[in-house]
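Below is one structure; the comments refer to it alone.
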Amino acid sequence: MLWYLVKRIIWMAGTLWVVFTLTWFLMRAVPGGPFDAEKKIPEEIRRNIEARYKLDQPLHVQYLDNLAHVIRLDFGPSFKLLDYPVNRVIAEGFPVSASLGVFAMIFALTLGLTAGVASAIGRRTAYDYGFMALATVGVAVPNFVLASLAIVLFVFYLGWFPAAGWGTLRQIALPAICLGAPFAGYIARLTRTGMLEVLGQDYIRTAYAKGLRHRRVIVRHALRGAILPVVSYLGPAVAAILTGSIVIERIFALPGLGIHFIEAATQRDYTLAMGMVLVYTFLLFVMNTLVDLSYGLIDPRVKLK
Amino acid sequence: MPEPLLRVENLRVEFKTDDGLVQAVNDVSFDLFPGETLGIVGESGSGKSVTNLAIMGLVPRPPGRVVAGRALYHGKDLLQLPERELSDLRGKKIAMIFQDPMTALNPFLTIAEQLTEVTQLHLGYSHQQAISHAITMLEKVGIPGAAQRLWDYPHQFSGGMQQRVMIAMALSCKPDILIADEPTTALDVTIQAQILELLRNLQTELNMSVILITHDLGVVAQVCHRVIVMYAGRIVEEATANSLFADPRHPYTLGLMQSAPRLDHARAERLHAIEGQPPDMTQLPAGCAFAPRCPFAVEESWHQQPPLAGRPGGGRLACFVDITKAPRKAAR
Amino acid sequence: MAHVETKPETQAARSDLPPADRYASLLEEARKLHGVSHMQDAWRRLRRNWAAMASLAFLVLMSVAAVLTPLVPLQSPILQDLENRQFLPPNASSRTLQLTSDGETKTLTQLLAEFRQEIERLEQDARTASPEERVKIQEEIDARYAVEHPYQKFWHQPDWLAWRLTDLRIILFGDWCLPSLCGADALGRDLLARLFWGGRVSLVVGVVATLVSLLIGVSYGATAGFLGGWVDDVMMRIVDVLYSVPFLFVVIFLITILTEETIKTEYLEPYGIDQIMIFYVVIGAIYWLTMARVVRGQVISLKNEQFVDAARVIGAGSFRIIFRHLIPNVMGIVIVYLTLTIPAVMLFESFLSFLGLGISPPDVSWGLLVNEGIQVITPIKIYWWLVLFPSLTLTLTLFALNFFGDGLRDALDPKMKNR
Ligand SMILES: Nc1ncnc2c1ncn2[C@@H]1O[C@H](COP(=O)(O)OP(=O)(O)OP(=O)(O)O)[C@@H](O)[C@H]1O
Ligand SMILES: [Mg+2]
C-alpha cells in the first residue's frame, strides 16, 4: 500500500516532468513563439519575463532555473496580464472549477447509480427502457449543446435560473447539471450492466437461499460488485469532467480555471497555459490514484501494487 | 410409514430460451421423510437442480417458470407461498448449499458478515450473539482458528474450506431440510470424502433431512438412504439405496452403474459409457425419453410415456420392460 | 471473436501433404473461418437490430449529403446581407442565387455568363498574341478563375469536386435555391446552407482524424503485441505515460503554438499544411491510445493460435504476418472501435471549434455554428434557431454513430447482448 503510493508519486513526478519539458521546449524553441525577441509586448512585462526567464543565460541554465521554480510551485508571471502571476490566476480559478466539478460528479453519481440500479432491477420494464433511452441521450448530447439549450430554455425562456454569476447553489445548479449529465448517463448504463451481471452470479442465489429479502440482497450483496465498473470509469470521467468544465465555464461565464486556460490559449499567454497544463496533469493523477485506492477498498481481492 | 416432511407433487418447470421452450422438470413427485438422506442422481441437464430450486422458490424468472405442482411442507404449499413467507423459511427451515463454493460465497464480504446475517435475520440474534454463534458453527465444520478466520474474505480460503463455510452458513439456523446440490463436485477427491463425512455427522447431530444431488453413484452409495434417478426432467426410478444398487430396474440406472468407475473392480474391465447423447430438452419425444439410447426399448417405449408405478422390490419405476428378463438389443 | 476450430478430420485428411502446403491450406481455412462466416453472422445479427439499422441508414444519408452538398440547391453559406436578412427567422419564401454589388443585383447565371464572356475575350486575345504574351494571358485567366470566378464569391475556396458538382447543380437547378428553412444568422447568412457545408467539414474531420488514429493505433498495438518481450513492455509503458497526460490541454497548447502567425506562414503553409490538416493529425494523435491497447490485446491472444504458426512455417516474415494475417483478424474489434472513435473525434472537433480553437471562419463546422448561436443570445432576444438546428444535427449524428457502434459491438460479440 505504502509502496503503491510511493510508486504513484514517482510516476506522477515523471509524467509532470515530461509534460513540463515538452511544453517548455515548445514554448522556448519555437521561432515566433513567446520568447522571440521581435515580439511586441508591453515593456514592463518584457522586463519581468527577461528577469524571470534569465534570457541572457544559455538555454540549459534557463531550463534548469525554470524547472527549479516550477518545482517550488512558482509558475512565474503571466505573459499578458500585468503584475498578475500565474499562481494567483490558478489560486482564484481553482475553487470555482473544483466546486463545479464536485457538484457535477455528485449529481452524476447520484442520478446514474439510482437509475442504473432501478433499470437493472426492473429489467425490460417501461422504467428500464425510459431510463436507458434517457441515458443514451445524455451520453450522446455534447455538453456544450446541452448547456446551450439549457440556457435558452431555463435561463432566458423560463427564467428559472440566473444567467451568470457564481456563489449560490442556484447559480451552481444548472452548470453542474449540464456538466454532469453525460456522465450520469454513462454511469447509469455501466451500473445497469454491472448489476445485471452481478445478479446472475451464484452468490446472489446464495443470498436469496439464506432468506434475505430482495432489498437487502440488492443493497448488501449486489451493489458492491455492480459499481466496480463505475469506479474504474471514474478515472476517465474525472479527466472528461476537467475537459468539460472548460466549455461549461465559458458558456455560463464562470470565473474558473478553464476559462482562464482558454483565454490563455487564445491570447497566447504561454506561461499561464503551461502552468495550467501542469495543474491539470497533477489533478488528473491525484484523482486516478484516489480511484485506484477506492477500488482496492471495495474489492478485497484487489491488491495494490 | 411416518408423515413425510416435504411432499412434492407433479412439479413442472419450464424455461423460455432462444432455442425454444425447455421442459426442465416434468411431472416430478416425491416425498422426503424426517431424518433421511435422499439422493437425486442423473446426467447433467436432467433437471436435478431445477427441481430443488423450484422447492426453494429460486428458479430464475424469467426465463424460468413453475407451471404446475405443489410442494407441501407442514401443510403449506411452498410454490404458492408469498415471497415474504417463503423467504422466512429459506435459510431457517430449508437451507441449500451449492456446487461451486468459490462462486457461491460473496467475494466482497467477510465470512463474518455472511455468516452473521442469517442468524440475525432469522433468529433475531444480536451482533455479539451472532458472532459467537458463527464461531461455534465454523468450529463445528472443522475450520481451525475460527475466531480469526471469521474476519477473512472468501478468497483467502481454499475450496474445501469455502464449502465448509457454506455448510456452516446453511446450518446456522438448524434447518429441517438441507438441500445439497452437488456439494463435492468442485472439490478434490480427498476433500470430497471429508465434506461428505462432515455432512453425514452433522445430519445425525442436527437430525435433519438431506436432499443430496449428485452425479456420483459412489457418493450415493456412501451416504443416501433412498435414491431418485432422474432422466430428462422425469423420475425414472426410485428405491432404497441398497435395493437400487443390488437390483437396478431401469435401463438408465443400469447404464449409470455400468459407467461409474468402481474402486472395487479390476482396472482392466472397460467402463461402459451410456451410448448416445442426452435428449434435446426443447423437443422431448412422445414416448420414453431414454428410448433412443436404450438397449431394451420396445415398440411401446417410442410412443408412450411409461407410467411411474410400483417397482418390484419396492419403490417406483417408469419402464415398460423388465430388464432382468428382456433381451438386450443394440441401441437404435 | 470466434476461434479457429480446425476439425480433426480435415487435419487428418491433409496429413499426407507436405508440411508447407498443409500449413498454407490450414491458413486459408483459418482465414475463411475467421473472416467471412463470422462477418456474415455479425451482419445477420446487426440486421435484426432496428435501432442500429436506422442509425446506419441515417449515417449513409448523412455521408451522401456531405459529399454531394455542392449539388444540393442551397443558398450561399458565406454571402452576407446585413440589411435585409440579419437574424431572419426560418421561413419558406423561395430564393435565387444572386449577388448585389454597386447597387446592381445579378443572378449567378448572369454572372457566370459575364465571366465566361470575359474569359473568351481573353482567349481571343491570346490567339493573336505573341508567345510571351500568351503565357501572361493564360496566367491572368488562371488568376481570374482563382479569384473572380463567381463561384469564389458564393462559396469559400471550392475544391475540384465541389466545383464540378456546382456546375452540375447550375445545370439542374439554375439560380433557384431552397428557402431559408432554418433561418439566417447574425450576418444574414443562410443557416441551412451553413449546416450542410459545416456537416461536410465535421464529417470529414471525424473520418480523417479517425483514420489517422487508426493507422497509428493499429500499427503500434499490433507491433507491440506481436513482437512481445521488452519491446512490448516499453511500448506499453509509453502508452501508460501518455494516458496520464490530460491531452486536451496539451493539444490546445500545441494548437496555440502551431497557429502562431509566424509559424503558420513560414513553416507550415509553404508545405501546404493548413489548420484543418494540423487538426487531423493532432486529434488522430490523441485517439490512438485505446486503439493501440485493444489491438495489442487481440493480437496477443490471436498470435498463439494455429494459423500464425502456420504462416511462420511457410516462411512469412514478421511484417508480412502482421499486415497480411493478424490485422485482417483483428478487424472486427477495430471496426467497433472505429465507429465509437468517430463520434468521439467529431465531438472533440466541435468542442474545440466551439471554443474558437478548432475550425476557424470562413470554414464552418457544426461546433462553430453552435458557438455562433450561443454568442448572439441575449436575454432580450433569443434566436432559437441558431442554437437549435446546429445542436440538433450534431446530436443526431453523434447519436446515430453511438447507436450504430453499440449495435455493431453487440453483433460482433453476442455475449454482450441483453445488457
Ligand atoms: N437459467 C436457465 N435458463 C434456461 N434453461 C435452464 C436454466 N437453468 C436450467 N435450465 C435448463 O433446465 C434443464 C435442467 O437443468 P438442471 O440445472 O436442473 O440440470 P442438472 O440436472 O442440475 O444438471 P447438472 O448436473 O449439470 O447440474 C437443462 O436442460 C437446462 O438447460
Ligand atoms: Mg445442477
Side-chain angles (χ1 to χ4, degrees), chain A residues 11-12 14-15 18-19 22-23 26-27 30-34 36 38 123-124 136-137 139-149 151-152 155-157 163 189 192-193 196-197 239-240 242-244 246-247 250-251 261-262 264-266 268 270 273-274 276-277 279-281 283-285 288, chain C residues 51 240-250 252-267 343 346-348 350-351 354-357 366-367 370-371 373-374 377-382 384 387-388 390-392 394-403 406 416 418-419:
Chain A
W11 256 110
M12 177 168 83
T15 311
V18 169
V19 172
L22 215 86
T23 44
L26 267 175
M27 180 165 98
V30 157
D36 199 315
E38 285 144 44
R123 186 176 168 201
R124 304 225 164 117
T136 312
V137 174
V139 172
V141 178
N143 53 13
F144 63 89
V145 167
L146 190 68
S148 310
L149 295 177
I151 282 211
V152 171
V155 177
F156 291 137
Y157 195 71
R189 293 212 307 208
R192 177 174 180 274
T193 311
L196 286 178
E197 172 119 19
L242 289 180
T243 316
I246 296 184
V247 257
R250 179 169 163 129
I251 294 175
F261 183 71
I262 293 305
T266 43
R268 309 188 191 290
Y270 293 93
M274 183 171 111
M276 296 275 183
V277 172
V279 168
Y280 278 116
T281 311
L283 276 181
L284 191 60
F285 230 99
N288 274 332
Chain C
D240 285 346
V241 174
L242 292 180
Y243 254 115
S244 46
V245 171
F247 254 105
L248 172 85
F249 304 98
V250 178
I252 291 181
F253 195 85
L254 267 180
I255 289 182
T256 315
I257 287 190
L258 289 176
T259 53
E260 178 83 51
E261 213 46 52
T262 5
I263 298 193
K264 227 164 78 177
T265 47
E266 282 176 27
Y267 292 85
M346 286 181 63
L347 187 60
F348 192 61
S350 61
F351 175 86
F354 178 82
L355 291 174
L357 295 165
W366 287 336
V370 179
N371 189 25
I374 287 286
I377 288 186
T378 59
I380 309 143
K381 187 87 185 96
I382 308 164
W384 55 268
V387 177
L388 185 68
S391 303
L392 213 59
L394 177 59
T395 307
L396 280 181
T397 309
L398 293 176
F399 228 142
L401 279 163
N402 277 317
F403 258 127
D406 283 353
M416 285 302 293
N418 296 336
R419 289 287 160 75

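All values reported here derive from a predicted model rather than from experimental measurement.
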* Asked: Checking C:Phe403 against chain A: side chain, backbone, both or neither under 4.5 Å from a heavy atom?
  -> side chain
* Which bit of A:Phe261 is near chain C, if near means a heavy-atom gap under 4.5 Å: side chain, backbone, both or neither? -> side chain
* To do: Pick one of side chain, backbone, both or neither for A:Met12, based on which atoms fall under 4.5 Å of a heavy atom in chain C.
  => neither
* Asked: C:Pro390, C:Gly367, C:Ala400, C:Ser391: which one forms the most heavy-atom pairs within less than 4.5 Å of chain A?
  -> C:Ser391
* Between C:Leu396 and chain A, which part of the residue has a heavy atom less than 4.5 Å away: side chain, backbone, both or neither? -> neither
* Taking the side chain as every heavy atom from C-beta outward, state whether C:Asn371 and A:Phe144 have any atom pair closer than 4.5 Å. => no
* **Option that, when pairs with chain C are counted at under 4.5 Å, heavy atom only, ranks first among A:Leu283, A:Val137, A:Val139, A:Leu146** => A:Val137
* Structure fact -> Bottom line for C:Thr397: the part with an atom under 4.5 Å from chain A's heavy atoms is neither
* Which answer fits A:Val19, side chain, backbone, both or neither, if we ask what part of it has an atom under 4.5 Å from a heavy atom of chain C? -> side chain
* How many angstroms lie between CG in A:Leu149 and OG1 in C:Thr395, if you round to the nearest 0.5 Å? -> 7.0 Å
* **Spacing of A:Thr243 atom OG1 and C:Phe348 atom CZ [to the nearest 0.5 Å]** => 8.0 Å
* Structure fact -> Taken in chain and number order and not counting sequence neighbours, the residues that satisfy side-chain hydrogen bond (donor to acceptor under 3.5 Å, both in side chains) with A:Asn143 are none
